[in-house]
Peer 1: 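Quick one: the structure is below, questions incoming.
First the proteins, then the strands, lettered A, B, ... as listed; each starts at 1.
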Number of protein chains: 2
Amino acid sequence: MEFEPEALQTRMKHFKEQLRRAGVKATHQRLEIFREVAKSGDHPDAEGIYKGVHKRVPTLSLDTVYRTLWSLLDLGLITTLGATRRRVRFDANMSSHHHFICAKCGMTRDFYSKKFDTLEIPAAVKALGIVEKTQVEVRGLCISCSKEDNSKSNVSHIKEGK
Amino acid sequence: MEFEPEALQTRMKHFKEQLRRAGVKATHQRLEIFREVAKSGDHPDAEGIYKGVHKRVPTLSLDTVYRTLWSLLDLGLITTLGATRRRVRFDANMSSHHHFICAKCGMTRDFYSKKFDTLEIPAAVKALGIVEKTQVEVRGLCISCSKEDNSKSNVSHIKEGK
DNA sequence: TTCCTAAATAAGAATAAATACTATTTAAGA
DNA sequence: TCTTAAATAGTATTTATTCTTATTTAGGAA
Ligand SMILES: [Mn+2]
Ligand SMILES: [Mn+2]
Ligand SMILES: [Zn+2]
Ligand SMILES: [Zn+2]
């Protein structure tokens, strides 16, 4: 869903406010990187973001793009798509099923639901292309991670895990 | 969902059959790599698979693991988890929404559905951990990709795209 | 069974995404 | 304006994945 110019401006205002609340500096780079992600209905990768912002901020470094994106993720101001971890994971279960994914350690478990298998796809989606399959992704904290998670509630973007 | 020993054996038999039908050789490495993915309820990455199979096939190379996994993906005998592309993609839309993803070019579009926002999570899933959010992933072919896709219906694992 | 050959593999080099390091710059509060 | 911790640029490094090439092998033919 695209955001109109006004909506973008509103979002930028909110963004600055949230930065202040989080006690992090509202740098030019941060604002522009967020703007780049927020302004498009697409879901750009780091390099696309880098290229887009670089036009406006020629001194920008790729390192800053990554650092900024991960910190915005930690602050809950953006999300990542698909897998939490960057490595590709494989699945030999070809029967219709769904996944529970731990946001902290990446643990992924299958589950089954007739109801989820037969969700009715909105007409607006069918207009985007040919639908082949539908899967539900439930995200949260697995039991062992939620145990560790007392006090230090830091679900930063994952490095290691099962 | 774990597979009992018998179930695994049945799956291995089916697997060999499918290899034969596809006209590709049933090498020791292929069988063991598939077995490794099929036998666990986990969703291992290439390195995990390599380590597991390496115990049984000490000459195995990591390259073979990747090559085999991608070809099994192309044959439709396994799937990958999460994003089709390996690069991480970012999303500044923090409102509750869902995604349509083109399996060929990776194009990803938001869509909205009250129904999908309020899916009731099965009890079995709640037993796995604390549920934080639920998202529906609709996969298929976007309009422009489905146009190209006449005749050569080869949705092999993606390299480039928008 | 033995032979043949295209297909598959091992090993290691190469590439590309992501991260770490360090000297320099800057936001924002005093 | 001054100060300083936080953030950045630029570069080096790491790590996941892919490529290259010489060697091996599955499986069909003889
Ligand atoms: Mn699965
Ligand atoms: Mn989205
Ligand atoms: Zn976990
Ligand atoms: Zn497409």
Peer 1: How do B:L62 and A:G23 order along DNA chain D: which one's closest nucleotide is nearer the 5' end?
Peer 2: A:G23
Peer 1: Looking at B:R67, does any N or O in its side chain come under 4.0 Å of the phosphate oxygens OP1/OP2 on C:dA8?
Peer 2: no
Peer 1: side-chain contact (heavy atoms from CB on, under 4.5 Å) with B:V53: which of B:Q29, B:R35, B:E36, B:H28?
Peer 2: B:E36
Peer 1: Output the single nucleotide from C:dA27, D:dT8, D:dT25 whose closest atom is nearest the side chain of A:T64.
Peer 2: D:dT8
Peer 1: So A:L60, base contact, sugar-phosphate only, or nothing? Heavy-atom distance under 4.0 Å.
Peer 2: sugar-phosphate
Peer 1: Rounding to a whole Å, what distance do you find between A:D74:CG and C:dT19:C1'?
Peer 2: 15 Å
Peer 1: Starting from P on C:dT15, measure out to CD on A:E47 and report it in whole angstrom.
Peer 2: 16 Å
Peer 1: Would you mind classifying the nucleic acid contact of B:R30 as base, sugar-phosphate or nothing, using non-hydrogen atoms under 4.0 angstrom?
Peer 2: sugar-phosphate
Peer 1: Parallel, tilted or perpendicular for A:H43 and B:H97, by the 30°/60° rule?
Peer 2: parallel
Peer 1: Return whichever of B:H28 or B:K25 has its heavy-atom-nearest nucleotide of DNA chain C closer to the 5' end.
Peer 2: B:K25
Peer 1: Could you work out which one of C:dT19, C:dA8, C:dA10 sits closest to the side chain of B:S61?
Peer 2: C:dA10
Peer 1: Could you state the atom-to-atom distance from CZ of A:R20 to P of D:dA7 in whole Å?
Peer 2: 15 Å
Peer 1: Whole angstrom is fine here: how far is it from CZ in A:F34 over to C1' in D:dA7?
Peer 2: 19 Å
Peer 1: Can you tell me how far C1' of C:dA11 sits from OH of B:Y50, to the nearest Å?
Peer 2: 10 Å
Peer 1: Answer yes when A:E137 and A:R139 have at least one side-chain N-carboxylate O distance shorter than 4.0 Å, and no when they do not.
Peer 2: yes
Peer 1: Think B:Q29 has a side-chain N or O under 4.0 angstrom from the OP1 or OP2 of C:dA10?
Peer 2: yes
Peer 1: Between B:D63 and B:V24, name the one whose nearest nucleotide on DNA chain D is closer to the 5' end.
Peer 2: B:D63
Peer 1: Please tell me if A:T59 has a side-chain N or O lying less than 4.0 Å from either OP1 or OP2 of D:dA9.
Peer 2: yes
Peer 1: With under 30° as parallel and over 60° as perpendicular, where do the rings of A:F34 and A:F15 fit, or are they tilted in between?
Peer 2: parallel
Peer 1: Kindly say if A:W70 contacts the phosphate of C:dT19, meaning a side-chain N or O under 4.0 Å from OP1 or OP2.
Peer 2: yes
Peer 1: Considering only D:dT18, C:dA17, C:dT9, which nucleotide approaches the side chain of A:Y66 most closely?
Peer 2: C:dA17
Peer 1: How many whole angstroms separate atom CD of A:E17 from atom C1' of C:dA28?
Peer 2: 17 Å
Peer 1: Could you tell me the separation between the CG atom of A:L72 and the P atom of D:dA6, rounded to a whole number of Å?
Peer 2: 17 Å
Peer 1: Looking at side-chain heavy atoms only, is the closest gap between A:D45 and B:F90 below 4.5 Å?
Peer 2: no
Peer 1: Could you tell me how far apart B:L69 (CG) and C:dA8 (C1') are, to the nearest whole angstrom?
Peer 2: 15 Å
